[in-house]
Participant: 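First, the structure itself, so that you have it in front of you.
Heavy atoms only: backbone and side chains are in, while hydrogens, waters and symmetry mates are out.
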Amino acid sequence: MPSEQRSFSFDASILQHQSHIPPQFIWPDDEKPCPEPPPMLDVPPIDLGGFLSGDPEAVSNAARLVDQACRKHGFFLVVNHDIDMKLVDEVHRGTDFFFGMPLEKKERALRKIGDHCGYASSFTNRFSSKLPWKETLSFRYSADRHLSNVVERYFSDVMGDDYAAFGKVCQRYCEAMNMLCLNLMELLGISLGVGGGYYRDLFEGNDSIMRLNYYPTCQKPDLALGTGPHCDPTTLTILHQDDVGGLEVYVDEKWHSITPTPQAFVVNIGDTFMALSNGIYKGCLHRAVVNSTTPRRSLAFFLCPRMDKIVRPPKELVSEGNPRIYPDFTWPVLLEFTQKHYRSDMKTLEAFVNWLRQKRINSS
């Protein structure tokens, strides 16, 4: 789906009070929010502290729970993670400050067409229908020691000195998420039986994406969606929700909600890790709904491989009974596909593989 420039902006300060929402934000009947609150998804809490202690029983229990969740729907919670919750609160407060600014100030960081970083007001510059009822600010994080302050620099260079302090907070948050991701990669390697070092080593020096999400109130929440149904193309998503709620996951042919747990992070498998596990671990369709009374915020850290890393599963996960499903690729190629050619949904990886194979045929 090629990008097209749109002629209007999503100005939440105006639209959140309107009883008639523009048709671009109205979703088809078969994709509209559930008329009744959906059942809660049974999401296992993983005791990361127990896992990292090395206690054999704790390690075995964490690996078993992760394995069960990732074979079924790819969602689990992380508790006892040692992330400073005061830091998390600081990022949420800064998110409120940023999205509370007038539109023209936020648009100083406006995302350019085809790019994945910057401010986006409902992706009005990419799509003409089924627009999400949200605003986002996305920026790059790199674990490369030569780019150790890339988040701070982004805020200072793009947003100006007024945002330097918030840039430092976001830098610290991304560094904490990086450590959390590396520990989870170790756990995922153990749960898949390839050892704790395989995926952890692969993601040392990762080149990832941080996104601040803001979902304004909507006077017609039964017609709109904060984020449409999709699977994440990235490796892992580490999400912290505020206390409002709105995350829904499609499991067993119906939508389920994931209730916010303030001290926990929601983790889900993305398409890139599906490829890295040779399809053993599954990504899952999910979306965000909105409401008419309370804005919602969430912080999403998307773990991505370093740009030059080849995405391929370890040989232990490939056999005669479980042959290779996906060809080798690099993350920038998949990212370009989702930004310029295809709107992420439940078939992103399948569509990407077909596109990649055709591209290679055409160039041979």
Side-chain angles (χ1 to χ4, degrees), residues 1-4 70-71 73-74 111-117 120 123 125-127 130 138 140-142 144 181 185 188-189 192 194 198-199 201-209 211 227-237 250 268-286 300-364:
M1 179 183 296
S3 303
E4 301 173 43
C70 292
R71 287 175 186 267
H73 50 61
R111 180 188 298 197
K112 295 179 175 63
I113 291 177
D115 198 359
H116 65 281
C117 289
F123 302 128
N125 67 331
R126 289 188 65 196
F127 308 118
K130 298 200 297 186
S138 306
R140 177 191 183 195
Y141 166 77
S142 173
D144 186 324
C181 284
M185 283 291 121
L188 288 164
L192 279 164
V194 300
Y198 184 86
Y199 293 120
D201 292 348
L202 185 66
F203 284 90
E204 293 280 358
N206 61 78
D207 206 317
S208 297
I209 301 165
R211 179 172 296 163
T227 301
H230 68 287
C231 295
D232 295 335
T234 48
T235 305
L236 276 189
T237 302
Y250 196 68
N268 69 274
I269 297 295
D271 289 339
T272 299
F273 198 82
M274 274 185 67
L276 283 167
S277 71
N278 200 29
I280 295 171
Y281 282 0
K282 308 288 191 285
C284 190
L285 204 62
H286 54 284
F301 183 86
F302 300 102
L303 179 68
C304 310
R306 211 174 65 197
M307 298 297 183
D308 60 348
K309 291 285 187 181
I310 302 296
V311 175
R312 70 163 66 101
K315 60 182 185 301
E316 294 93 329
L317 302 184
V318 180
S319 65
E320 193 173 324
N322 193 38
R324 281 286 299 272
I325 300 175
Y326 311 106
D328 288 358
F329 62 89
T330 58
W331 163 243
V333 180
L334 175 55
L335 179 61
E336 179 189 9
F337 178 72
T338 62
Q339 294 300 309
K340 296 182 179 179
H341 304 287
Y342 195 84
R343 185 172 185 171
S344 294
D345 60 15
M346 66 186 302
K347 295 181 179 178
T348 303
L349 195 54
E350 180 184 329
F352 170 67
V353 167
N354 292 336
W355 175 80
L356 192 62
R357 284 176 175 150
Q358 191 60 49
K359 189 176 180 184
R360 288 172 180 172
I361 289 169
N362 292 343
S363 62
S364 62

Participant: Any idea which heavy atoms bring K282 and I280 closest together, and the distance?
Facilitator: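 Where K282 meets I280 most closely, the heavy atoms are NZ-O, 3.4 Å.
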Participant: Could you state the interatomic distance from CZ (F301) to CD1 (I209), rounded to the nearest 0.5 Å?
Facilitator: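 Going from the CZ atom of F301 to the CD1 atom of I209 covers 9.5 Å.
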Participant: Working to the nearest 0.5 angstrom, can you tell me the gap between D232 CG and T237 OG1?
Facilitator: 3.5 Å
Participant: Shortest non-hydrogen contact from I325 to G279?
Facilitator: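 Taking every non-hydrogen atom into account, CD1-CA, 4.0 Å.
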Participant: Which heavy-atom pair separates V311 from W331 by the least distance, and what is that distance?
Facilitator: CG2-N, 4.4 Å
Participant: Given D207 and R140, is the side chain to side chain contact (heavy atoms under 4.5 Å, CB included) satisfied, shown in steps?
Facilitator: CA-CA 7 Å; D207 206 317; R140 177 191 183 195; 2.7 Å; yes
Participant: Indicate yes or no for a side-chain donor-acceptor contact from Y199 to the backbone of L276 under 3.5 Å, with no hydrogens or angles considered.
Facilitator: yes
Participant: Quick one: does any side-chain atom of T272 pair with a main-chain N or O of P233 as donor and acceptor, under 3.5 Å?
Facilitator: yes
Participant: Answer whether the closest heavy-atom distance between the side chains of Y281 and R71 falls below 4.5 Å.
Facilitator: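 The answer is yes; the side chains approach within 4.5 Å.
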Participant: Apply side chain to side chain contact (heavy atoms under 4.5 Å, CB included) to C304 and L335, showing your working.
Facilitator: CA-CA 10 Å; C304 310; L335 179 61; over 6 Å; no
Participant: Restricting to non-hydrogen atoms, name the atom on V318 and the atom on R324 that form the minimum distance, rounded to 0.1 Å.
Facilitator: CG2-CD, 3.7 Å
Participant: Just jot down the side-chain hydrogen bond (donor to acceptor under 3.5 Å, both in side chains) partners of S208, sequence neighbours excluded, or say none.
Facilitator: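 Residues passing side-chain hydrogen bond (donor to acceptor under 3.5 Å, both in side chains) with S208: N206.
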Participant: Which pair of heavy atoms, one from R111 and one from R211, lies closest together, and at what distance?
Facilitator: NH2-NH2, 3.7 Å
Participant: Without swapping roles, check the side chain of N278 against the backbone of N322 for a donor-acceptor pair under 3.5 Å.
Facilitator: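 It does hold such a pair.
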Participant: Nearest 0.5 Å, what's the CZ-CG distance between R312 and L317?
Facilitator: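 Answer for the CZ-CG pair, R312 versus L317, is 13.5 Å.
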Participant: Is the backbone of G270 close enough, under 3.5 Å, to the side chain of T234 for a donor and an acceptor to pair up by distance?
Facilitator: no
Participant: What is the distance from atom OH of Y198 to atom NZ of K315, rounded to the nearest 0.5 Å?
Facilitator: 8.0 Å
Participant: Write down the atom of C284, the atom of C231, and the distance for their closest heavy-atom approach.
Facilitator: C-SG, 3.6 Å
Participant: As an exercise, state the distance from CD of E336 to CG of D115, rounded to the nearest 0.5 Å.
Facilitator: 12.0 Å
Participant: Determine whether a donor-acceptor pair (N or O, by modelled atom type, separation under 3.5 Å) exists between the side chain of H286 and the backbone of P229.
Facilitator: no
Participant: How long is the straight-line distance from CG of D201 back to CE of M185, given to the nearest 0.5 Å?
Facilitator: 12.0 Å
Participant: Under 3.5 Å, which donor-acceptor pairs do the side chains of residues 349-356 form with other protein atoms, sequence neighbours left out?
Facilitator:
unit_1 : atom_1 : unit_2 : atom_2 : d
N354   : ND2    : E350   : O      : 3.4

Participant: Are C70 and L188 packed together at the side-chain level, in the sense that at least one heavy-atom pair is separated by less than 4.5 angstrom?
Facilitator: yes
Participant: Evaluate side chain to side chain contact (heavy atoms under 4.5 Å, CB included) for K309 paired with L202, printing each intermediate quantity in order.
Facilitator: CA-CA 8 Å; K309 291 285 187 181; L202 185 66; 3.9 Å; yes
Participant: Side chain to side chain contact (heavy atoms under 4.5 Å, CB included) for T330 and I310? Distances and angles first, verdict last.
Facilitator: CA-CA 5 Å; T330 58; I310 302 296; 3.8 Å; yes
